[in-house]
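Below is one structure; the comments refer to it alone.
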Amino acid sequence: MRRGIFYAALAAALAVEAMPLGLRTAAWGIAPANRRAAVDEVFPDMGESATAAEIAAVLGGAADWRIAANITDTANYAEFREWAKYAGAPAVKGSVTAWMSFAVGADGLIAPPEDGGLAIDDFAVGSDGSLVAVFSLDGVDVGSSTPENRLKSVFAVEGAATLLPGEFSPDGVAVSLAPTGDGRVKATVTPPVNAGNAYFLKVRLK
C-alpha cells in the first residue's frame with residue numbers, strides 16, 4: 001500500500017512537471033488570484049486619493065465598527081487591505097475581532113477573547129519609580145513590529161491607589177506599550193505624582 005501511494009505521488013509530480021510552463025504558472029497562481037478577487041470585492045483598491053469619507057463608506061459595512069473608527073487614511077487602509085487579503089477578506093468583513101486581529105499583528109483572525117484570558121505575567125518596579133508589567137492575551141501572539149498606537153487601541157492600562165471597586169482609571173497614568181517579541185506586550189507606567197506609597201495596575205481590553 002505504501003508503494004502504491006508513493007507511485008501515485010510520483011506520477012502526480014511528473015504530470016505537473018510535464019505541463020507547459022505557462023499552464024503550471026497559472027495553476028500555481030489560482031489561490032493568490034482568488035485572494036485578490038475576494039479582497040477586491042470586499043475592500044477594493046482605492047488608490048492614494050481616496051478621502052476619509054470614501055474609506056469610511058467602504059469599511060462601514062464591516063461587522064467590527066472599530067475598523068472604520070481606526071482606519072481613516074489611505075496608508076492604513078492599504079495596509080489593512082493587504083492583511084485582509086491573506087486573512088480572508090469575506091471572513092474579515094464578518095468578524096467582530098477583525099480590528100483586534102489586525103491591530104496586534106496576528107497572521108489571521110483571532111477568536112473572541114474569553115474572560116480571564118488577559119493576564120499580567122511579570123511585574124517590576126524600575127529604578128526611576130516606573131512600573132513595568134508584561135501581559136499576554138491567551139491564544140494571541142502579538143506581532144514584534146506592532147505599532148504602539150495600535151496596541152493602545154486594543155489594550156487599556158488603568159491605575160489606582162487602592163483596590164476598591166471603581167477606583168481604577170486611566171486618568172493621570174502615563175503609559176507606553178511595546179511588543180516584547182515573544183507574543184506579549186510590555187507596559188511601562190509612570191504613576192501620578194500624588195500616587196503615594198502604593199499603586200495598583202489593571203490591564204483590560206477596550
Side-chain angles (χ1 to χ4, degrees), residues 16 24-48 50 52 55-122 132-157 175-188 203-206:
V16 171
R24 270 189 283 151
T25 302
W28 289 336
I30 286 176
N34 286 345
R35 286 197 295 265
R36 284 194 297 272
V39 78
D40 285 343
E41 182 177 350
V42 179
F43 304 118
D45 185 355
M46 303 184 70
E48 298 180 356
I55 294 172
V58 170
L59 299 179
D64 189 347
W65 62 269
R66 295 172 183 83
I67 297 175
N70 288 284
I71 300 176
T72 58
D73 60 68
T74 55
N76 281 308
Y77 177 81
E79 189 178 349
F80 171 76
R81 181 176 179 274
E82 186 67 15
W83 174 83
K85 177 167 54 175
Y86 292 94
V92 168
K93 184 177 181 179
S95 173
V96 295
T97 63
W99 171 252
M100 179 187 295
S101 303
F102 169 69
V104 302
D107 292 333
L109 290 169
I110 62 177
E114 297 183 359
D115 290 342
L118 184 61
I120 295 178
D121 302 324
D122 295 299
V132 179
V134 175
F135 61 89
S136 60
L137 182 58
D138 189 36
V140 176
D141 286 328
V142 175
S144 59
S145 59
T146 303
E148 182 179 34
N149 65 311
R150 290 183 187 164
L151 291 176
K152 286 186 173 181
S153 75
V154 175
F155 303 106
V157 179
V175 180
S176 66
L177 298 180
T180 59
D182 62 359
R184 301 183 295 172
V185 179
K186 181 177 74 173
T188 303
V203 182
R204 65 174 178 84
L205 292 173
K206 289 186 174 180

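What's counted below: heavy atoms across the whole structure, side chains too, no hydrogens, waters or symmetry copies.
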Do [X] and [Y] come within less than 4.5 Å of each other through their side chains, counting heavy atoms only?
X: M46; Y: T74; answer: no
X: L137; Y: V154; answer: no
X: L118; Y: P113; answer: no
X: L59; Y: I71; answer: yes
X: L177; Y: V157; answer: yes

Side chain to side chain contact (heavy atoms under 4.5 Å, CB included) evaluation trace for V92 with V42: CA-CA 9 Å; V92 168; V42 179; over 6 Å; no
Partners meeting side-chain contact (heavy atoms from CB on, under 4.5 Å) with A156 (sequence neighbours left out): R204, K206
Spacing of CD1 belonging to I67 relative to OH belonging to Y77, to within rounding of 0.5 Å: 10.5 Å
All ring-ring contact (aromatic ring centres under 6.0 Å, His included) counterparts of F102, not counting sequence neighbours: F80, W83, W99
Taking every non-hydrogen atom, the tightest pair across [X] and [Y]:
X: T72; Y: A69; answer: CG2-O, 4.2 Å
X: A87; Y: G108; answer: CB-CA, 4.1 Å
X: P179; Y: S144; answer: CG-O, 3.3 Å
X: G61; Y: K93; answer: O-CE, 3.6 Å

Inter- and intrachain pairs under salt bridge (charged side-chain N to carboxylate O under 4.0 Å, His left out), touching residues 138-152, at least two apart: E79-R150, E148-K152
Stepwise side chain to side chain contact (heavy atoms under 4.5 Å, CB included) check, V140 with M100: CA-CA 10 Å; V140 176; M100 179 187 295; 5.6 Å; no
Under 3.5 Å: donor-acceptor pair, side chain of R81, backbone of F43: yes
Test item: S101 side-chain N/O and T97 main-chain N/O as donor-acceptor pair under 3.5 Å: yes
D121 atom CG, over 12 foreign heavy atoms within 6.0 Å: yes
